[in-house]
There are 2 protein chains.
Amino acid sequence: MTETATASVVAASIADSTAGSKSEQAYQAIKARIVEGTYTPGYRLVLAAIAKDLGFSVVPVREAIRRLEAEGLVKFERNVGATVAGIDPTEYLYTMQTLSIVEGAATALSAPLVGEADIARARAVNAEMRDCLQHFDPVRFTRLNQDFHSVLFEHCPNPHILDLVHRGWNRLASLRSSTFRFVPGRAHQSVDEHEALLRLIESGADADTIEKAARLHRSATLDAYLSQTNLKDHS
Amino acid sequence: MTETATASVVAASIADSTAGSKSEQAYQAIKARIVEGTYTPGYRLVLAAIAKDLGFSVVPVREAIRRLEAEGLVKFERNVGATVAGIDPTEYLYTMQTLSIVEGAATALSAPLVGEADIARARAVNAEMRDCLQHFDPVRFTRLNQDFHSVLFEHCPNPHILDLVHRGWNRLASLRSSTFRFVPGRAHQSVDEHEALLRLIESGADADTIEKAARLHRSATLDAYLSQTNLKDHS
DNA sequence: AGGTACGAAATCGTATACGAAACATACTGG
DNA sequence: CCAGTATGTTTCGTATACGATTTCGTACCT
């Protein structure tokens, strides 16, 4: 297979992996670049350009983009092209609200299956987050935040819901930095709520209580963001 | 544009509409056939065959199938092909559970925006459903059921959530007939719950109450199905 | 000078073509 | 008679090619 010499290094390194079809490879590559921030929101995704860069033809790239569109990571307009889905404040609001609901549900469903080891791991992550509050690094903090919540919802027995949660997180990841960059004050409170959430799960609280707590935890972040940006247009 | 003469009548009639790209047309056509039941679960979707039948090449068909895959209507296996996603009892369970959550949320968010006219319309539909209980027709009943709930959640201001609800309904539509075919006893109770739900919304009940009611309404159907089919494997 | 119409370039959409993988079948060797 | 391998057919995966559509720049008219 004579890979085009112009294929970028990063693309090649991804393509080399055992990933099957080129569609899949393209999907992974583009997604990575969006999440990582190489392709910033609003960036115009030109099929031919990406294809040349990745070293294969446009057909797999098209499919990859369609998949990303379905996930909401890119916006697609017929006969015009695809752009990286920006995080329109409104979109952000919608995504956070949706995530609050599905993540809340996933966490509640997951709770009975969360063992002591998981709790311990989550607590360790939360401790790191607390440390992180000193010399505050929003990006790192957000990363830890995802780790923390992952522990809590990954045991969710319903794969559909779990998938929805992952999609939500992915969309938020497009926000290169993090919510906490905009509302640093929220970070401190967030850590405390994490501990409270852990206690709830440990004590075997009923599903409804856990769900509400998890949902509120996220809504609070959203509200903090909203009051910060003076968005009157509240759904 | 020389359309192949062998294109099936139904495909042509759909294609004639103002629908834009062939991708889109293919998507609509295939989806229609799945929902309508022409392609039953497990049916093997051969790209070339569908392409020939619809009158255009395989490329748009591929894209359409990928989209349907993202929506969960078809299952896809690399180098093997696509099949209509059956409704594995387990899958059914997952879908219903997910729908109970997102539809509950959508209904609650929608409630404040539901006007008297909407309520009246919903009530009319529910009356039809009650009639329908006499000479019971599961398919018709399910149709009305969707109409009823549509009125209640279509005003949901969050398009993401609304989209999730639609996807859920679509998946359930793959069930050619209806849940109520399996648990006809549930139909009667369902109508009563609908009226209760309407009263709640009319009285301006708080979001949480409405959400719980809507969610429970669906969970109850799921539970009825489960106890019917003796599925011990309860998530 | 401003706006509109025309045309060229860029980019997308789809068809056709060929190579690769998976599955079914028949054949050969034990 | 059975097992394992070889071969053929089906179907998918991707590349290339060309037509269609949009967009942008430029020239012309008012």
Can you tell me how far [atom2] of [N] sits from [atom1] of [X], to the nearest Å?
| X | N | atom1 | atom2 | value |
| --- | --- | --- | --- | --- |
| B/Lys52 | D/dC12 | NZ | P | 14 Å |
| A/Lys22 | D/dC12 | NZ | P | 19 Å |
| B/Leu54 | C/dA15 | CG | C1' | 15 Å |
| A/Phe56 | C/dA20 | CZ | P | 17 Å |
| A/Arg62 | D/dG13 | CZ | P | 16 Å |
| A/Leu47 | D/dT22 | CG | P | 16 Å |
| A/Glu63 | D/dT14 | CD | C1' | 10 Å |

Does B/Ser21 have a side-chain nitrogen or oxygen under 4.0 Å from the phosphate oxygens OP1 or OP2 of C/dC12?
-> no

Any side-chain N or O of A/Ser23 less than 4.0 Å from the OP1 or OP2 oxygen of D/dG13?
-> no

Of A/Val165, A/Asp163, A/Leu162, A/Thr107, which is the lone residue that meets side chain to side chain contact (heavy atoms under 4.5 Å, CB included) with A/Cys156?
-> A/Leu162

Using a heavy-atom cut-off of under 4.0 Å over every strand shown, decide if B/Ile50 touches base, sugar-phosphate, or nothing.
-> nothing

Determine the contact category for B/Val46: base if any of its heavy atoms lies under 4.0 Å from a base atom, sugar-phosphate if only primed atoms, P, OP1 or OP2 are that close, otherwise nothing.
-> sugar-phosphate

Does any non-hydrogen side-chain atom of [Y] lie less than 4.5 Å from one of [X]?
| X | Y | result |
| --- | --- | --- |
| B/Ser110 | B/Leu152 | no |
| A/Leu172 | A/Met96 | yes |
| B/Arg78 | A/Glu24 | no |

Kindly compute the distance separating CD (B/Glu103) from CZ (B/Arg215), expressed to the nearest 0.5 Å.
->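 Between B/Glu103 CD and B/Arg215 CZ, I get 11.5 Å after rounding to 0.5 Å.
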
CA sep, side-chain torsions, deciding dist, call: B/His160, A/Arg171, side-chain hydrogen bond (donor to acceptor under 3.5 Å, both in side chains) = CA-CA 12 Å; B/His160 290 173; A/Arg171 296 185 70 158; 3.2 Å; yes

Which residues in residues 65-83 of chain B have at least one heavy atom lying under 4.0 Å from any atom of DNA chain C?
->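 Output list: B/Asn79, B/Val80.
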
Name the pairs: protein N/O against N/O of nucleotides 6-10 of chain D, kept only if under 3.5 Å.
none

Going by the salt bridge (Lys or Arg N to Asp or Glu O under 4.0 Å) test, which pairs reach into residues 142-152 of chain B, not counting sequence neighbours?
->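 Checked against salt bridge (Lys or Arg N to Asp or Glu O under 4.0 Å) - neighbours excluded - no pair reaches residues 142-152 of chain B.
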
Looking only at side-chain atoms of A/Val58, point me to the closest of D/dT16, C/dT16, C/dT11.
->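 Closest nucleotide among those given: D/dT16.
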
Pick from B/Arg62, B/Glu63, B/Arg66: which one makes a side-chain hydrogen bond (donor to acceptor under 3.5 Å, both in side chains) with B/Ser23?
->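 The passing option is B/Glu63.
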
Is the B/Phe153 ring parallel, tilted or perpendicular to the B/Trp169 ring (thresholds 30°, 60°)?
->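 The arrangement is tilted - the two ring planes meet at 30° to 60°.
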
